[in-house]
Amino acid sequence: MVSQLTPGERIAALITLILLAVIGLFMAAAGRADPLGAHGFVVLLSSTGLIFLLLSKSNGTPPDPARLLQYYDDPTKLGIILSMIWAVFGLFIGVWVASLLAWPDLTFDAAWASFGRLRPVHTTSVIFGFGGNALIATSLHVLQRTSRARLPEQFSPWFVLLGYNLFCILAVSGYFLGVTQSKEYAEAEWYADIWLVIVWVVYFGIYIRTLARRQEPHIYVANWYYMAFILVVAMLHIVNNLAIPVSMGHAKSYSAFSGVQDAMTQWWYGHNAVAFFLTAGFLGMMYYYLPKRAERPIFSYRLSIISFWGITFMYMWAGSHHLHYTALPHWVQTLGMSFSIVLLVPSWASAGNALATLNGAWHRVRDDATLRFMMVAAVFYGLTTFEGSFMAIRPVNSLSHYTDWTIGHVHAGALGWVAMITFGTFYCLVPWMWKQERIYSPKLVEWHFWLALSGTIVYVFAMWNSGIIQGLMWRTYNESGTLTYSFLESLVAMEPYYIARAFGGFLFLAGAVVGSYNIWMTIRMARGVPATPMDDLPVSRLAPEAGE
Amino acid sequence: MSELHRKLERSAVGFVVAIIFMASIGGLVEIAPLFTIDETVEDAPDMRVYTPLELAGRNIYIREGCYACHSQMIRTLQDEVERYGPYSLAVESQYDHPMLWGSKRTGPDLARLGGKYSDAWHVAHLINPRDVVPESVMPKYGWLQRNDLRIDDLGAHLSAMKAVGVPYSDEMIANATNDAFGQTLPDSDFAEGVSERYGEETNIREFDGDTSRVTEMDALVAYLQILGRLTDAAYQQAAGNQSSQDQQAQSQQAQSQPLGSTAK
Ligand code: HEM
């Protein structure tokens, strides 16, 4: 990692890290009496650790100029590894959290280990840790291949990847410590939020600068999605996190928004975090790796355009479907509902485009678990978006909202779509990155596939059942016109489903562990195989890009 | 269309601008008017702000992630109103930075919790929910009783709240720490200031039953006891709607229907 940096980049890295260490020191001092101080130490330790790494590995020799003839994939490699670490961690917490709802005392008598703190640890670890690292890793890979250009330099990709993981660590360790803004998927406090903005601006810079160097006249579809992901997430993040800290020595801040305006801003953010983080970004992944793996061009260019602009425009209106029947003005609810329903069109355009691309390659889907991961992901994407549009209809939402049905819906998307497309992509990408013929064990990929699929199905069916039962019990009246069930009765009815869900989650986690082992063994296999295959170079003629 | 798009695809900057433009419209149309249209938030002249102790309790509620299992937003549905009380109005959370409406009801809604149980019930329930409600899956929060509440910085908290628009007076800010102390010690000299500044109705009690210290439990229980009680607006509105509600309750189909006054 260090040996590839030019002397100038090493100095830039050193200055950045020293600056960061100073900030960490300042935070530690100012926040002595506050969790902020602990985070100061996290920043201080991680930056000094990297300074040592940098200094010990810098020997003054500039890197081989021949490197400029190749793509720069080291950050992608580390990104894949970090993503899998976060996956196993986040899924483990998911299984724990799920178990707590069946066996509430399965924890320690300690604040950090209670449900309310662990839940955001789970969501942030899987969404931002697992998902975010996967997006950064793959986007840098796709960006270079589809532009046939190397990244502009070698410092900023590391800044983005490591800086992003620092954000994730600050966020997750904060929740353990009780530092949270309580805004779903935006729980991280003000200083972590500011840091993420800086990281994000650099990330966007890499994108634009590499595109400026591209050898291809057109920007490939996958990059549209990655760009939408980067830009819109920045917009959402900045607006929703506007807040005033109690002081420079406090982790705590107060949101600039309150009440109904805050609710609308939060769900404009929350829904579009799903749309642009968990959907657009991963569609970018799908549009590159699925056709590559299937060795078929994208079915329809026209459908790609429709679905891209449809998603970019319409999703931003849909957030208010999280606030049906609340104190939010009625007209905003209605707008959110209407756009949510129409959203099915661009969503299915993408899902259909993916499946139609596989037409003619079904024998591959049958034989190749990697491609099957991607196929199943596209199917789940289609199912989840259909379900989502359905749940956005006001009367349906009156039943589903606040219940486990929402959780089932979220995880049909999270497990079936986000995680499956990522695993499929990694199985495709890891052998390429480490220059191997194939993954260590295709058989283990099969195992992972079936564990993941069965885990997802168990999870989703359990939550559909519990959610709908819950919703119905809450609104059932008896003949005398009073409510039939107490809240507690509905709670007791959930228990078998909570146990089933924890079991489904366990299967899914087991799959991810198998997958990590397989990826790790592939990396080990690669030791001592240096040469880059000649067909993967920036300026040489590549095999035609999928879909172009 | 394809031709036009082919052109757009050739320009990275053009593409960026197009994305930002297309993605901005929805938010602008839906969010911006909420800040200006008068009808968004009702008038409630009797609405009071959180006392420093209640605010500290609210921060503990946030810290512990109670919102992950409890909503504070009663929807305009017949069954919810019957189960929990009058539906929530926008004005009731106008001083909530951020709001805690929640999205999941693993436990019941808490929007009208204030006054429903005694302080002692809450303390026992928080220390071990299963002592009070054997079927409960709620976590134990024993450390709240063990931890002293940090009150020395409450003035800074109130100032920050003031900076985001909550009408705290300078006097309230200056006395924040004393008021937190006074609210848990009805016999002390500090207690009087609390009711002077926040109103006669303010609960001034030994919330956790321990007079020797101000604990996190004191703050959280003080907050729970004020939920839904900062203003009477919702009850007044409910009284106004009573006649239309009665009609609806009689019709079987209306049971999960929106109540009369949703349309704004
Ligand atoms: C081992 C697999 C998993 C298990 C066992 C699991 C379990 C859970 C549990 C128990 C909750 C809390 C539900 C509640 O409050 O009732 C939850 C919430 C959530 N999880 Fe997972 N999860 C898993 C995988 C994932 C993945 C891979 C993602 C995303 C990529 C994800 C995203 C979320 C989100 C966004 C929520 C919040 C849902 C909401 O508030 O509506 N989960 N998960």
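Lettering follows sequence order; numbering is per chain, from 1. Quick note: numbers below take in every heavy atom, side chains included, and nothing from hydrogens, waters or symmetry partners.
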With respect to chain B, which residue among [options] yields the maximal number of heavy-atom pairs within a distance under 4.5 Å?
options	answer
A:L211, A:V232, A:L491	A:L491
A:V179, A:D109, A:D262, A:T334	A:D262
A:W268, A:F308, A:Y175	A:W268
A:H324, A:R214, A:Q266	A:R214
A:A111, A:A33, A:A110, A:G336	A:A111
A:A263, A:A212, A:P120, A:S182	A:S182

Is the centre of the [X] ring less than 6.0 Å from the centre of the [Y] ring?
X	Y	result
A:Y485	A:W474	no
A:H401	A:H322	no
B:W121	B:H125	yes
B:Y61	B:Y223	yes

What part of [X] gets within 4.5 angstrom of chain B, counting heavy atoms only: side chain, backbone, both, or neither?
X	value
A:S247	neither
A:T406	neither
A:R117	both
A:L323	side chain
A:W224	both
A:M227	both

TODO: Determine yes or no for a side-chain-to-main-chain donor-acceptor pair under 3.5 angstrom, with A:N478 supplying the side chain and A:T482 the backbone.
DONE: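 Pair found, side chain donor or acceptor close to backbone of A:T482.
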Is it the backbone or the side chain of [X] that comes under 4.5 Å from a heavy atom of chain A, or both, or neither?
X	answer
B:S103	both
B:T106	both
B:C69	side chain
B:I60	neither

Open item on the list: Is it true that, when you exclude B:Y235 itself, more than 12 heavy atoms of the residues, nucleotides or ligands shown sit nearer than 6.0 Å to its OH?
Closed with: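 Correct, the count exceeds 12.
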Open item on the list: Surrounding NZ of B:K116 (heavy atoms of other residues, nucleotides or ligands, distance under 6.0 Å), is the total greater than 12?
Closed with: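 Atom NZ in B:K116 is not packed in, count stays at 12 or less.
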- [ ] Can you check whether anything in residues 141-149 of chain B gets within less than 4.5 Å of chain A, heavy-atom wise, and list it by number?
- [x]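 The stretch touches chain A at B:Y141, B:W143, B:R146.
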Taking [X] first and then [Y], would you say they form a salt bridge - that is, a charged N and a carboxylate O separated by under 4.0 Å?
X	Y	answer
B:R112	B:E92	yes
B:E216	B:R63	yes
B:D109	B:R105	yes
B:R48	B:E54	yes

Open item on the list: Counting heavy-atom pairs under 4.5 Å with chain A, which one of B:L158, B:D153, B:V166 comes out on top?
Closed with: B:D153
Task: Charged tip of B:R6 within 45° of A:Y301 ring normal and under 6.0 Å - done: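 Geometry flag: set, cation within 6.0 Å and 45°.
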TODO: Decide whether a cation-pi geometry holds between A:K252 and A:Y254; the criteria are a distance under 6.0 Å from NZ or CZ to the six-membered ring centre and an angle within 45° of the ring axis.
DONE: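 Yes, A:K252 lies over the aromatic ring of A:Y254.
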